[in-house]
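Both ligands and their constituent atoms are indexed starting at 1 by order of listing. Everything numeric here is computed off the predicted structure, so don't read it as measured data. No hydrogens, no waters, no symmetry mates; every other heavy atom, side chains included, goes into these values.
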Amino acid sequence: MAWDFSTEPQFQEQLDWVDEFCRTEVEPLDLVFPGAAYSRDRKARALADPLKQQVKDRGLWALFLDRELGGPGFGQLKLALLNEILGRYRTAPVIFGTAAPDTGNMEMLAAYGTDAQKGRWLYPLMNQEIFSAYSMTEPQGGSDPSLFQTHATRDGDDWVINGEKWFTSAGARADIIFVMCTNGMFVVPRDTPGVEIMEYPAIHNHIRYNGVRVPIDHLLGPEDGARVLAQRRLGGGRIHHAMRTVAQVKLAFDIMCERVLSRESHGKVIAHHQMVQEAIADSYAEINMLRLLVLWTAWTIDNSSTREARTQIAACKYTCAKVLREVSYRALHIMGSLGTTDLTPLQAMWASAPTMAIADGVDEVHKVTVARNVLKGYQPHPGLWPTEYLPAKREQARKKYASLLAADADLAAWADAAARATSRRY
Ligand SMILES: Cc1cc2nc3c(=O)[nH]c(=O)nc-3n(C[C@H](O)[C@H](O)[C@H](O)COP(=O)(O)OP(=O)(O)OC[C@H]3O[C@@H](n4cnc5c(N)ncnc54)[C@H](O)[C@@H]3O)c2cc1C
(Lines give C-alpha, C1' and ligand atoms only; values in the text may rest on other atoms or scores of the structure.)
Protein backbone atom coordinates (compact mmCIF):
# COMPACT_ATOMS: atom_id res chain seq x y z
CA MET A 1 0.00 0.00 0.00
CA ALA A 2 1.31 3.47 -0.80
CA TRP A 3 1.48 5.67 2.27
CA ASP A 4 1.09 9.39 1.96
CA PHE A 5 0.62 10.27 5.64
CA SER A 6 -3.00 9.16 5.43
CA THR A 7 -4.59 5.74 5.81
CA GLU A 8 -6.85 4.23 3.17
CA PRO A 9 -10.50 4.59 4.32
CA GLN A 10 -11.23 0.85 4.29
CA PHE A 11 -8.34 0.05 6.58
CA GLN A 12 -9.09 3.10 8.76
CA GLU A 13 -12.50 1.54 9.38
CA GLN A 14 -10.76 -1.60 10.61
CA LEU A 15 -8.50 0.50 12.85
CA ASP A 16 -11.49 2.36 14.28
CA TRP A 17 -13.11 -0.97 15.04
CA VAL A 18 -9.91 -2.22 16.73
CA ASP A 19 -9.70 0.95 18.82
CA GLU A 20 -13.29 0.58 20.02
CA PHE A 21 -12.97 -3.19 20.52
CA CYS A 22 -9.80 -2.82 22.62
CA ARG A 23 -11.37 -0.12 24.82
CA THR A 24 -14.69 -1.85 25.35
CA GLU A 25 -13.72 -5.56 25.33
CA VAL A 26 -9.99 -6.17 25.75
CA GLU A 27 -9.23 -3.64 28.49
CA PRO A 28 -12.16 -4.65 30.77
CA LEU A 29 -11.16 -8.33 30.47
CA ASP A 30 -7.59 -7.41 31.40
CA LEU A 31 -8.64 -5.26 34.34
CA VAL A 32 -10.92 -7.87 35.89
CA PHE A 33 -9.03 -11.05 34.86
CA PRO A 34 -5.40 -9.91 34.38
CA GLY A 35 -3.46 -12.32 32.19
CA ALA A 36 -6.46 -14.60 31.59
CA ALA A 37 -5.89 -14.60 27.83
CA TYR A 38 -2.53 -16.37 28.17
CA SER A 39 -3.21 -18.29 31.37
CA ARG A 40 -2.65 -22.03 31.66
CA ASP A 41 -6.00 -22.19 33.49
CA ARG A 42 -8.46 -23.39 30.84
CA LYS A 43 -11.47 -21.70 32.40
CA ALA A 44 -9.68 -18.34 32.66
CA ARG A 45 -8.27 -18.64 29.15
CA ALA A 46 -11.67 -19.50 27.70
CA LEU A 47 -12.83 -16.00 28.68
CA ALA A 48 -10.74 -14.67 25.80
CA ASP A 49 -12.12 -17.10 23.19
CA PRO A 50 -15.17 -15.03 22.13
CA LEU A 51 -12.92 -11.99 21.72
CA LYS A 52 -10.44 -13.94 19.58
CA GLN A 53 -13.36 -15.16 17.47
CA GLN A 54 -14.46 -11.57 16.83
CA VAL A 55 -10.93 -10.73 15.67
CA LYS A 56 -10.93 -13.76 13.34
CA ASP A 57 -14.35 -12.79 11.97
CA ARG A 58 -12.93 -9.35 11.08
CA GLY A 59 -10.02 -11.00 9.23
CA LEU A 60 -7.50 -9.48 11.63
CA TRP A 61 -6.08 -12.66 13.20
CA ALA A 62 -2.29 -13.27 13.05
CA LEU A 63 -1.84 -10.53 10.53
CA PHE A 64 1.95 -10.33 10.96
CA LEU A 65 2.16 -13.35 8.64
CA ASP A 66 2.40 -12.82 4.89
CA ARG A 67 -0.16 -14.49 2.69
CA GLU A 68 2.33 -17.10 1.42
CA LEU A 69 3.10 -17.92 5.05
CA GLY A 70 -0.56 -18.50 5.93
CA GLY A 71 -1.59 -15.04 7.19
CA PRO A 72 -3.78 -12.34 5.62
CA GLY A 73 -0.76 -10.62 4.02
CA PHE A 74 -1.48 -7.08 5.19
CA GLY A 75 2.21 -6.22 5.33
CA GLN A 76 4.28 -4.44 7.95
CA LEU A 77 2.89 -0.94 7.40
CA LYS A 78 -0.67 -1.94 8.20
CA LEU A 79 0.64 -4.03 11.07
CA ALA A 80 2.45 -0.95 12.39
CA LEU A 81 -0.77 1.08 12.32
CA LEU A 82 -2.60 -1.73 14.08
CA ASN A 83 0.14 -2.18 16.69
CA GLU A 84 -0.10 1.54 17.48
CA ILE A 85 -3.42 0.57 19.06
CA LEU A 86 -2.70 -2.95 20.35
CA GLY A 87 0.51 -1.92 22.13
CA ARG A 88 -1.55 0.12 24.58
CA TYR A 89 -3.22 -2.98 26.02
CA ARG A 90 -1.30 -5.77 27.70
CA THR A 91 -3.45 -8.63 26.43
CA ALA A 92 -4.34 -7.28 22.99
CA PRO A 93 -1.46 -9.00 21.13
CA VAL A 94 -2.70 -12.39 22.41
CA ILE A 95 -6.30 -11.60 21.47
CA PHE A 96 -5.10 -10.69 17.96
CA GLY A 97 -2.72 -13.67 17.60
CA THR A 98 0.33 -11.42 17.41
CA ALA A 99 2.05 -12.03 20.76
CA ALA A 100 5.80 -12.52 21.17
CA PRO A 101 7.64 -14.85 21.33
CA ASP A 102 5.16 -16.95 19.30
CA THR A 103 5.13 -14.47 16.40
CA GLY A 104 8.86 -14.74 15.69
CA ASN A 105 8.80 -18.50 16.12
CA MET A 106 5.86 -18.79 13.74
CA GLU A 107 7.71 -16.67 11.19
CA MET A 108 10.66 -19.08 11.35
CA LEU A 109 8.38 -22.09 11.04
CA ALA A 110 6.41 -20.57 8.19
CA ALA A 111 9.57 -19.66 6.29
CA TYR A 112 11.70 -22.74 6.97
CA GLY A 113 9.38 -25.53 8.15
CA THR A 114 8.55 -28.59 6.06
CA ASP A 115 4.86 -29.30 5.46
CA ALA A 116 4.98 -31.88 8.25
CA GLN A 117 6.60 -29.41 10.67
CA LYS A 118 4.04 -26.75 9.82
CA GLY A 119 1.22 -29.22 10.38
CA ARG A 120 2.66 -30.31 13.71
CA TRP A 121 3.60 -26.90 15.14
CA LEU A 122 2.74 -23.86 12.99
CA TYR A 123 -1.03 -24.29 12.72
CA PRO A 124 -1.49 -25.20 16.41
CA LEU A 125 0.61 -22.12 17.29
CA MET A 126 -1.47 -19.92 15.01
CA ASN A 127 -4.61 -21.18 16.72
CA GLN A 128 -3.00 -20.76 20.15
CA GLU A 129 -3.62 -24.43 20.89
CA ILE A 130 0.04 -24.54 21.93
CA PHE A 131 2.58 -21.91 23.10
CA SER A 132 6.29 -21.61 22.34
CA ALA A 133 9.54 -20.14 23.67
CA TYR A 134 12.85 -19.17 22.13
CA SER A 135 16.12 -20.32 23.71
CA MET A 136 19.14 -18.48 22.35
CA THR A 137 20.95 -16.48 25.08
CA GLU A 138 23.46 -18.40 27.21
CA PRO A 139 24.68 -17.58 30.73
CA GLN A 140 28.22 -16.75 29.52
CA GLY A 141 27.09 -14.32 26.83
CA GLY A 142 24.09 -12.98 24.98
CA SER A 143 25.24 -10.25 22.60
CA ASP A 144 27.92 -12.32 20.92
CA PRO A 145 26.62 -15.54 19.31
CA SER A 146 30.17 -16.80 18.79
CA LEU A 147 30.21 -17.48 22.56
CA PHE A 148 27.26 -19.87 22.41
CA GLN A 149 28.10 -23.50 23.17
CA THR A 150 24.83 -25.45 23.10
CA HIS A 151 25.36 -28.19 20.55
CA ALA A 152 23.40 -31.05 18.95
CA THR A 153 25.12 -34.35 18.14
CA ARG A 154 23.67 -36.75 15.59
CA ASP A 155 22.99 -40.21 16.99
CA GLY A 156 21.21 -42.55 14.53
CA ASP A 157 17.79 -41.09 13.78
CA ASP A 158 18.01 -38.63 16.66
CA TRP A 159 19.76 -35.41 17.62
CA VAL A 160 21.07 -35.17 21.18
CA ILE A 161 21.27 -31.64 22.59
CA ASN A 162 23.58 -30.55 25.41
CA GLY A 163 23.95 -27.02 26.73
CA GLU A 164 22.61 -24.29 28.93
CA LYS A 165 20.37 -21.35 28.07
CA TRP A 166 19.44 -18.25 30.01
CA PHE A 167 16.48 -15.86 29.81
CA THR A 168 14.19 -18.05 27.71
CA SER A 169 10.97 -16.05 28.06
CA ALA A 170 8.00 -18.19 29.14
CA GLY A 171 10.13 -21.33 28.73
CA ALA A 172 8.47 -22.99 31.72
CA ARG A 173 5.00 -22.47 30.24
CA ALA A 174 5.82 -23.32 26.64
CA ASP A 175 4.77 -26.52 24.89
CA ILE A 176 7.68 -26.31 22.47
CA ILE A 177 11.03 -24.50 22.69
CA PHE A 178 13.07 -23.35 19.71
CA VAL A 179 16.64 -24.06 20.79
CA MET A 180 19.46 -22.34 18.93
CA CYS A 181 22.43 -24.72 18.77
CA THR A 182 25.84 -24.00 17.29
CA ASN A 183 24.90 -26.35 14.44
CA GLY A 184 21.22 -25.65 13.84
CA MET A 185 17.84 -24.54 15.15
CA PHE A 186 15.88 -27.32 16.89
CA VAL A 187 12.30 -27.66 18.07
CA VAL A 188 12.23 -29.29 21.49
CA PRO A 189 8.96 -30.27 23.21
CA ARG A 190 9.32 -28.90 26.76
CA ASP A 191 8.44 -32.20 28.43
CA THR A 192 11.28 -34.06 26.66
CA PRO A 193 13.49 -35.89 29.22
CA GLY A 194 16.62 -33.84 30.00
CA VAL A 195 14.96 -30.40 29.76
CA GLU A 196 15.74 -29.01 33.22
CA ILE A 197 14.12 -25.68 34.12
CA MET A 198 15.79 -23.84 37.00
CA GLU A 199 13.80 -22.09 39.70
CA TYR A 200 15.14 -18.61 38.81
CA PRO A 201 14.45 -16.32 37.00
CA ALA A 202 10.70 -16.99 37.25
CA ILE A 203 9.52 -15.70 33.88
CA HIS A 204 12.60 -15.64 31.64
CA ASN A 205 13.85 -19.14 32.35
CA HIS A 206 17.28 -20.58 32.92
CA ILE A 207 17.19 -23.98 31.20
CA ARG A 208 19.71 -26.83 31.05
CA TYR A 209 19.50 -29.23 28.13
CA ASN A 210 21.00 -32.45 29.46
CA GLY A 211 21.32 -35.00 26.65
CA VAL A 212 17.93 -34.00 25.25
CA ARG A 213 17.03 -36.45 22.48
CA VAL A 214 14.77 -35.35 19.60
CA PRO A 215 14.00 -37.07 16.27
CA ILE A 216 15.90 -35.84 13.18
CA ASP A 217 12.84 -34.04 11.81
CA HIS A 218 13.01 -31.63 14.77
CA LEU A 219 15.83 -29.74 13.04
CA LEU A 220 14.27 -26.61 11.51
CA GLY A 221 15.84 -25.36 8.30
CA PRO A 222 19.28 -26.49 7.18
CA GLU A 223 21.99 -27.92 9.42
CA ASP A 224 24.28 -25.04 10.51
CA GLY A 225 21.53 -22.57 9.55
CA ALA A 226 20.70 -21.32 13.05
CA ARG A 227 22.11 -17.81 12.61
CA VAL A 228 20.15 -17.20 9.42
CA LEU A 229 16.95 -18.38 11.08
CA ALA A 230 17.68 -16.25 14.16
CA GLN A 231 18.14 -13.15 11.99
CA ARG A 232 14.86 -13.84 10.27
CA ARG A 233 13.15 -14.20 13.62
CA LEU A 234 14.70 -11.20 15.32
CA GLY A 235 14.36 -8.79 12.38
CA GLY A 236 10.57 -8.96 12.47
CA GLY A 237 10.44 -9.08 16.27
CA ARG A 238 12.43 -5.88 16.68
CA ILE A 239 10.22 -3.78 14.45
CA HIS A 240 7.15 -5.20 16.20
CA HIS A 241 8.60 -4.05 19.56
CA ALA A 242 9.06 -0.58 18.10
CA MET A 243 5.50 -0.50 16.77
CA ARG A 244 4.08 -1.39 20.18
CA THR A 245 6.36 1.17 21.82
CA VAL A 246 4.74 3.90 19.73
CA ALA A 247 1.46 2.88 21.38
CA GLN A 248 3.03 2.96 24.83
CA VAL A 249 4.54 6.42 24.50
CA LYS A 250 1.31 7.78 23.06
CA LEU A 251 -0.44 6.44 26.14
CA ALA A 252 2.12 8.14 28.39
CA PHE A 253 1.64 11.36 26.43
CA ASP A 254 -2.16 11.21 26.77
CA ILE A 255 -1.84 10.68 30.52
CA MET A 256 0.61 13.58 30.81
CA CYS A 257 -1.46 16.02 28.72
CA GLU A 258 -4.67 15.29 30.60
CA ARG A 259 -2.93 15.78 33.93
CA VAL A 260 -1.25 19.11 33.15
CA LEU A 261 -4.62 20.58 32.29
CA SER A 262 -6.21 19.20 35.44
CA ARG A 263 -4.02 20.52 38.26
CA GLU A 264 -2.74 23.85 39.54
CA SER A 265 0.47 24.85 41.24
CA HIS A 266 1.84 28.25 42.25
CA GLY A 267 -1.14 30.15 41.00
CA LYS A 268 -1.62 28.59 37.59
CA VAL A 269 -2.60 25.44 35.77
CA ILE A 270 0.47 23.19 35.53
CA ALA A 271 0.26 23.34 31.73
CA HIS A 272 1.12 27.05 31.91
CA HIS A 273 4.54 26.46 33.51
CA GLN A 274 7.16 26.72 30.78
CA MET A 275 9.21 23.71 31.85
CA VAL A 276 6.06 21.59 31.66
CA GLN A 277 5.42 22.97 28.20
CA GLU A 278 8.95 21.96 27.24
CA ALA A 279 8.24 18.40 28.42
CA ILE A 280 5.07 18.32 26.29
CA ALA A 281 6.78 19.84 23.24
CA ASP A 282 9.84 17.56 23.40
CA SER A 283 7.67 14.47 23.91
CA TYR A 284 5.42 15.42 21.01
CA ALA A 285 8.39 15.78 18.66
CA GLU A 286 10.16 12.61 19.85
CA ILE A 287 7.02 10.46 19.59
CA ASN A 288 6.40 11.62 16.05
CA MET A 289 10.05 11.14 15.06
CA LEU A 290 9.88 7.56 16.36
CA ARG A 291 6.53 6.95 14.69
CA LEU A 292 7.72 8.16 11.30
CA LEU A 293 10.93 6.13 11.60
CA VAL A 294 8.88 3.01 12.37
CA LEU A 295 6.36 3.59 9.57
CA TRP A 296 9.12 4.35 7.05
CA THR A 297 10.90 1.14 8.09
CA ALA A 298 7.68 -0.88 7.81
CA TRP A 299 7.09 0.62 4.37
CA THR A 300 10.65 -0.28 3.35
CA ILE A 301 10.15 -3.90 4.44
CA ASP A 302 6.91 -4.09 2.45
CA ASN A 303 8.66 -2.71 -0.61
CA SER A 304 11.86 -4.73 -0.32
CA SER A 305 12.64 -7.15 2.52
CA THR A 306 13.53 -7.37 6.21
CA ARG A 307 17.13 -7.81 5.12
CA GLU A 308 17.14 -4.67 3.00
CA ALA A 309 15.66 -2.73 5.92
CA ARG A 310 18.07 -4.02 8.56
CA THR A 311 19.80 -0.67 9.16
CA GLN A 312 16.44 1.03 9.68
CA ILE A 313 15.20 -1.80 11.92
CA ALA A 314 18.31 -1.48 14.10
CA ALA A 315 17.73 2.30 14.33
CA CYS A 316 14.09 1.68 15.34
CA LYS A 317 15.19 -0.69 18.10
CA TYR A 318 17.46 1.69 20.03
CA THR A 319 15.36 4.76 19.22
CA CYS A 320 12.22 3.16 20.64
CA ALA A 321 14.10 2.32 23.85
CA LYS A 322 15.29 5.92 24.14
CA VAL A 323 11.92 7.54 23.42
CA LEU A 324 10.21 5.13 25.83
CA ARG A 325 12.73 6.08 28.52
CA GLU A 326 12.40 9.83 27.97
CA VAL A 327 8.65 10.12 27.51
CA SER A 328 7.63 7.67 30.24
CA TYR A 329 9.98 9.45 32.67
CA ARG A 330 8.55 12.88 31.85
CA ALA A 331 4.98 11.62 32.19
CA LEU A 332 5.76 9.89 35.46
CA HIS A 333 7.49 13.00 36.79
CA ILE A 334 4.63 15.30 35.82
CA MET A 335 2.17 13.01 37.63
CA GLY A 336 4.12 13.72 40.83
CA SER A 337 3.66 11.24 43.68
CA LEU A 338 0.88 9.41 41.83
CA GLY A 339 3.32 8.68 39.00
CA THR A 340 5.59 6.76 41.35
CA THR A 341 2.84 4.31 42.34
CA ASP A 342 1.47 1.38 40.36
CA LEU A 343 -1.95 3.05 40.23
CA THR A 344 -1.35 4.24 36.64
CA PRO A 345 0.46 2.38 33.81
CA LEU A 346 3.42 4.79 34.03
CA GLN A 347 5.58 3.17 36.69
CA ALA A 348 5.57 -0.17 34.83
CA MET A 349 6.20 1.60 31.53
CA TRP A 350 9.20 3.48 32.93
CA ALA A 351 10.53 0.28 34.49
CA SER A 352 10.29 -1.46 31.10
CA ALA A 353 12.54 1.09 29.37
CA PRO A 354 15.88 -0.53 30.35
CA THR A 355 14.47 -3.89 29.26
CA MET A 356 13.66 -2.49 25.84
CA ALA A 357 17.31 -1.48 25.49
CA ILE A 358 18.47 -5.07 26.17
CA ALA A 359 15.90 -7.60 24.90
CA ASP A 360 16.46 -8.74 21.29
CA GLY A 361 19.93 -7.21 21.29
CA VAL A 362 21.49 -4.45 23.38
CA ASP A 363 21.48 -0.86 22.08
CA GLU A 364 25.23 -0.82 21.51
CA VAL A 365 25.10 -3.74 19.08
CA HIS A 366 22.32 -2.11 17.04
CA LYS A 367 24.19 1.20 17.01
CA VAL A 368 27.28 -0.61 15.72
CA THR A 369 25.14 -2.14 12.95
CA VAL A 370 23.78 1.25 11.94
CA ALA A 371 27.15 2.98 11.99
CA ARG A 372 28.84 0.14 10.10
CA ASN A 373 26.15 -0.02 7.39
CA VAL A 374 25.82 3.73 7.03
CA LEU A 375 29.60 4.14 6.67
CA LYS A 376 29.61 1.69 3.75
CA GLY A 377 28.16 4.56 1.70
CA TYR A 378 31.19 6.81 2.38
CA GLN A 379 34.85 6.98 1.31
CA PRO A 380 37.84 8.57 3.05
CA HIS A 381 38.78 11.93 1.49
CA PRO A 382 41.94 11.86 -0.62
CA GLY A 383 44.76 13.99 0.79
CA LEU A 384 44.78 16.22 3.82
CA TRP A 385 41.57 18.22 3.47
CA PRO A 386 37.94 17.11 3.65
CA THR A 387 35.82 17.36 0.50
CA GLU A 388 34.00 20.33 2.01
CA TYR A 389 37.24 22.32 2.68
CA LEU A 390 36.12 25.67 1.31
CA PRO A 391 39.41 27.19 0.04
CA ALA A 392 39.99 24.11 -2.13
CA LYS A 393 36.39 24.12 -3.31
CA ARG A 394 36.61 27.83 -4.13
CA GLU A 395 39.78 27.26 -6.12
CA GLN A 396 37.97 24.58 -8.13
CA ALA A 397 34.96 26.85 -8.64
CA ARG A 398 37.15 29.72 -9.85
CA LYS A 399 38.17 27.55 -12.80
CA LYS A 400 34.55 27.58 -13.93
CA TYR A 401 34.64 31.40 -13.96
CA ALA A 402 38.25 31.70 -15.17
CA SER A 403 37.49 33.56 -18.42
CA LEU A 404 35.14 36.03 -16.69
CA LEU A 405 37.66 36.75 -13.90
CA ALA A 406 40.41 37.24 -16.50
CA ALA A 407 38.28 39.59 -18.58
CA ASP A 408 36.93 41.83 -15.80
CA ALA A 409 39.52 43.06 -13.26
CA ASP A 410 36.88 44.91 -11.17
CA LEU A 411 34.75 41.81 -10.80
CA ALA A 412 37.87 39.74 -9.96
CA ALA A 413 38.85 42.23 -7.24
CA TRP A 414 35.32 42.18 -5.87
CA ALA A 415 35.36 38.35 -5.76
CA ASP A 416 38.73 38.33 -3.92
CA ALA A 417 37.50 40.86 -1.35
CA ALA A 418 34.23 39.02 -0.81
CA ALA A 419 36.06 35.70 -0.33
CA ARG A 420 38.45 37.32 2.20
CA ALA A 421 35.53 38.90 4.09
CA THR A 422 33.71 35.55 4.22
CA SER A 423 36.71 33.70 5.64
CA ARG A 424 37.42 36.47 8.22
CA ARG A 425 34.04 35.85 9.87
CA TYR A 426 35.39 32.80 11.74
C1 LIG B 1 12.78 -9.07 28.97
C2 LIG B 1 13.79 -9.90 28.22
C3 LIG B 1 13.36 -11.00 27.52
C4 LIG B 1 14.28 -11.81 26.87
N5 LIG B 1 13.82 -12.93 26.21
C6 LIG B 1 14.72 -13.77 25.65
C7 LIG B 1 14.26 -14.99 25.05
O8 LIG B 1 13.07 -15.29 25.01
N9 LIG B 1 15.18 -15.83 24.54
C10 LIG B 1 16.51 -15.55 24.56
O11 LIG B 1 17.28 -16.33 24.06
N12 LIG B 1 16.98 -14.40 25.12
C13 LIG B 1 16.11 -13.52 25.68
N14 LIG B 1 16.56 -12.37 26.28
C15 LIG B 1 17.99 -12.15 26.41
C16 LIG B 1 18.52 -11.05 25.52
O17 LIG B 1 18.46 -11.41 24.17
C18 LIG B 1 19.95 -10.76 26.02
O19 LIG B 1 19.81 -10.21 27.33
C20 LIG B 1 20.71 -9.81 25.14
O21 LIG B 1 21.05 -10.42 23.91
C22 LIG B 1 21.99 -9.33 25.83
O23 LIG B 1 22.75 -10.42 26.30
P24 LIG B 1 23.28 -10.43 27.83
O25 LIG B 1 22.11 -10.23 28.73
O26 LIG B 1 24.08 -11.66 27.99
O27 LIG B 1 24.20 -9.15 27.96
P28 LIG B 1 25.72 -9.01 27.49
O29 LIG B 1 25.89 -9.58 26.13
O30 LIG B 1 26.59 -9.53 28.59
O31 LIG B 1 25.86 -7.44 27.41
C32 LIG B 1 25.88 -6.66 28.61
C33 LIG B 1 26.32 -5.26 28.28
O34 LIG B 1 27.63 -5.27 27.70
C35 LIG B 1 27.76 -4.21 26.76
N36 LIG B 1 28.03 -4.75 25.42
C37 LIG B 1 27.82 -6.00 24.97
N38 LIG B 1 28.19 -6.13 23.68
C39 LIG B 1 28.66 -4.92 23.30
C40 LIG B 1 29.17 -4.38 22.09
N41 LIG B 1 29.29 -5.15 20.98
N42 LIG B 1 29.54 -3.08 22.07
C43 LIG B 1 29.41 -2.29 23.18
N44 LIG B 1 28.92 -2.75 24.34
C45 LIG B 1 28.54 -4.03 24.41
C46 LIG B 1 26.41 -3.46 26.77
O47 LIG B 1 26.46 -2.39 27.69
C48 LIG B 1 25.46 -4.54 27.26
O49 LIG B 1 24.24 -4.02 27.80
C50 LIG B 1 15.67 -11.50 26.90
C51 LIG B 1 16.10 -10.36 27.60
C52 LIG B 1 15.18 -9.56 28.25
C53 LIG B 1 15.68 -8.36 29.02
Problem - Output field: ring centroids F74/F11 closer than 6.0 Å - result: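 They qualify: ring centres under 6.0 Å apart.
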Handout entry: N183 side chain near H151 side chain, heavy-atom distance below 4.5 Å
Key =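 When only atoms from C-beta onward are counted, H151 and N183 do touch, with a gap below 4.5 Å.
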Atom pairs and distances, ligand 1 N/O vs protein N/O under 3.5 Å:
| unit_1 | atom_1 | unit_2 | atom_2 | d |
| --- | --- | --- | --- | --- |
| ligand 1 | 5 (N) | F167 | O | 3.3 |
| ligand 1 | 5 (N) | S169 | OG | 2.7 |
| ligand 1 | 8 (O) | Y134 | O | 3.4 |
| ligand 1 | 8 (O) | S169 | N | 3.0 |
| ligand 1 | 8 (O) | S169 | OG | 3.2 |
| ligand 1 | 9 (N) | Y134 | O | 2.7 |
| ligand 1 | 9 (N) | F167 | O | 3.2 |
| ligand 1 | 11 (O) | M136 | N | 2.8 |
| ligand 1 | 11 (O) | T137 | N | 2.8 |
| ligand 1 | 11 (O) | T137 | OG1 | 3.2 |
| ligand 1 | 12 (N) | T137 | OG1 | 2.7 |
| ligand 1 | 12 (N) | F167 | O | 3.3 |
| ligand 1 | 17 (O) | T137 | OG1 | 3.4 |
| ligand 1 | 26 (O) | G142 | N | 2.9 |
| ligand 1 | 29 (O) | S143 | N | 2.9 |
| ligand 1 | 29 (O) | S143 | OG | 2.6 |
| ligand 1 | 47 (O) | E364 | OE2 | 2.6 |

Exercise for the section: Return the set of residues passing salt bridge (Lys or Arg N to Asp or Glu O under 4.0 Å) with D363 (not counting sequence neighbours), or none when no residue passes. Expected result: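 Expected list: none.
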Exercise for the section: Output every pair passing ring-ring contact (aromatic ring centres under 6.0 Å, His included) with a member in residues 200-232, not counting sequence neighbours, ordered by first then second residue. Expected result: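 Only W121-H218, W166-H206, F167-H204 qualify under ring-ring contact (aromatic ring centres under 6.0 Å, His included).
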Handout entry: R233 charged N/C atom sitting above Y134 aromatic ring, 6.0 Å / 45°
Key =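 Yes, R233 and Y134 form such a contact.
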Practice task
May I have all residue pairs that pass salt bridge (Lys or Arg N to Asp or Glu O under 4.0 Å) and include part of residues 329-351, sequence neighbours excluded?
Solution key: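 Sorted result for residues 329-351: E286-R330, E326-R330.
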